[in-house]
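Have a look at the structure below before the remarks.
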Amino acid sequence: MPEPVDAVEMRTALAGLRRTSGLPVAFGGMLSDARHARIAELDGARTGALRGLVISAGSGLGGKAIALARPCAVTDYPVSRHISHEYDTAVAAEGLRSVVAVPVVVRRTVRGVLYGALRTPVSLGDRTFDAAVAAARDVEQALAVRDEVRELLALTQEQAAAGPGAWEDVREAHRQLRALAPRVADPALRDALLAVCGRLASASGARATPAAAMEVRLAPREVDVVACVAAGATNAAAARQLGLRPETVKGYLRSAMRKLGAHTRLEAVVAARRAGLLP
């Protein structure tokens, strides 16, 4: 059974936190509801004492970070007067002293919390603090992209079901999905997204002829650029949407036009649709 996407993103962020900060221990988890997070991922832990721990908003260091929706830190966890101590047994079992907790906030909603920790009571410097915040931001961005993908997929399904009159909206959703695909870290989700894009392209009113489909093979980025052109984007606008340089967009477009046998941007779009590459 494949792992939840959240687990992959959190594990990647924790490994990055340890690498960039030098902290020996990193751990974290996602919220199961508005007030509770479960510690599911550990990196560098010596025991399993923290695994499965349910953190309530307002309780302990992580709960404080969740409640305030901002990073919090303590120099010596067991004796700190700035937090409650519901989780001292698990923290002591792992031998943690200096700890930083950073909430994962997407669209003003706390979605998770990650921690970095030392086994000595020393003040955590700006470099360590910044590394923890950056790790949380990585998770936030991945979740935001995934949320956007899901919203677009749901919208696309509604538009496709609405009939031929909604195809311009479907085409715009297809372009946005393709632009998001390179930013999706999870390969299974990215493959599923691109598969949906392929189904949208093949389901358009202008069906591809078998000969056209066999003759044309565009690279993924070439399809992305032609999809932007189909939506009326200039090269500069396509570059902004795809996170590329304008010169790179021009190169992809020239290559796509050559493969499609097109002499103008409009001809490229028409040929791509005939080949079943765009809806």
Side-chain angles (χ1 to χ4, degrees), residues 4 6-144:
D6 291 346
V8 176
E9 292 162 347
M10 181 62 75
R11 187 177 303 120
T12 300
L14 295 177
L17 172 57
R18 289 190 66 204
R19 184 174 59 253
T20 57
S21 69
L23 293 172
V25 187
F27 52 101
M30 308 305 294
L31 267 68
S32 56
D33 56 43
R35 293 188 55 81
H36 300 90
R38 180 178 178 274
I39 304 302
E41 302 300 327
L42 308 175
D43 196 318
R46 293 172 180 169
T47 74
L50 297 168
R51 188 179 300 280
L53 201 64
V54 176
I55 308 299
S56 299
S59 299
L61 183 66
K64 183 177 180 180
I66 292 170
L68 298 177
R70 63 175 174 80
C72 299
V74 294
T75 299
D76 196 354
Y77 192 105
V79 298
S80 174
R81 297 180 179 180
H82 301 293
I83 59 172
S84 60
H85 289 273
E86 291 88 346
Y87 312 111
D88 282 7
T89 300
V91 172
E94 189 57 44
L96 304 182
R97 304 294 290 275
S98 295
V99 187
V100 59
V102 185
V104 174
V105 184
V106 181
R107 297 179 181 177
R108 300 183 181 180
T109 299
V110 179
R111 299 274 292 274
V113 61
L114 60 79
Y115 304 76
L118 289 165
R119 294 186 173 92
T120 52
V122 298
S123 179
L124 298 173
D126 290 343
R127 175 175 172 270
T128 300
F129 197 84
D130 290 346
V133 171
R137 298 296 174 268
D138 287 343
V139 180
E140 290 169 6
Q141 291 174 12
L143 292 177

Is it the case that the side chain of [X] and the backbone of [Y] share a donor-acceptor pair, with hydrogens and angles ignored and the cut-off at 3.5 Å?
| X | Y | answer |
| --- | --- | --- |
| H85 | S59 | no |
| K64 | A101 | no |
| T120 | V122 | no |
| R51 | A40 | yes |
| T47 | A49 | yes |
| S98 | L124 | no |
| T20 | G16 | yes |

Spacing of [X] atom [atom1] and [Y] atom [atom2] [to the nearest 0.5 Å]:
| X | Y | atom1 | atom2 | value |
| --- | --- | --- | --- | --- |
| T89 | E94 | OG1 | CD | 13.5 Å |
| L118 | D76 | CG | CG | 11.0 Å |
| L14 | L42 | CG | CG | 8.5 Å |
| R11 | L114 | CZ | CG | 14.0 Å |
| I39 | M10 | CD1 | CE | 8.0 Å |

Non-hydrogen atoms of [X] and [Y] that approach each other most closely:
| X | Y | answer |
| --- | --- | --- |
| S84 | G60 | OG-N, 2.8 Å |
| L53 | A90 | CD2-CB, 4.1 Å |
| A13 | V139 | CB-CG2, 3.3 Å |
| P78 | D88 | O-OD2, 4.2 Å |
| D43 | A15 | OD2-CA, 3.5 Å |
| V105 | V110 | CG2-CG2, 4.1 Å |

- Would you call R111 and E140 a salt bridge, taking side-chain N to carboxylate O under 4.0 Å as the test? no
* More than 12 foreign heavy atoms under 6.0 Å from CZ of R46: is that the case here? ->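 Incorrect, the count does not exceed 12.
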Close side-chain approach of [X] to [Y], heavy-atom, < 4.5 Å:
| X | Y | result |
| --- | --- | --- |
| V102 | F129 | no |
| I55 | Y115 | yes |
| T75 | V99 | no |

Using a 3.5 Å cut-off and no angle test, enumerate the donor-acceptor pairs between side-chain atoms of residues 22-38 and protein atoms at least two apart in sequence or in another chain.
unit_1, atom_1, unit_2, atom_2, d
S32, OG, H36, O, 3.4
D33, OD1, R35, N, 2.8
D33, OD1, H36, N, 2.9
D33, OD1, H36, ND1, 3.0
D33, OD2, H36, ND1, 3.3
R35, NH2, A57, O, 3.1

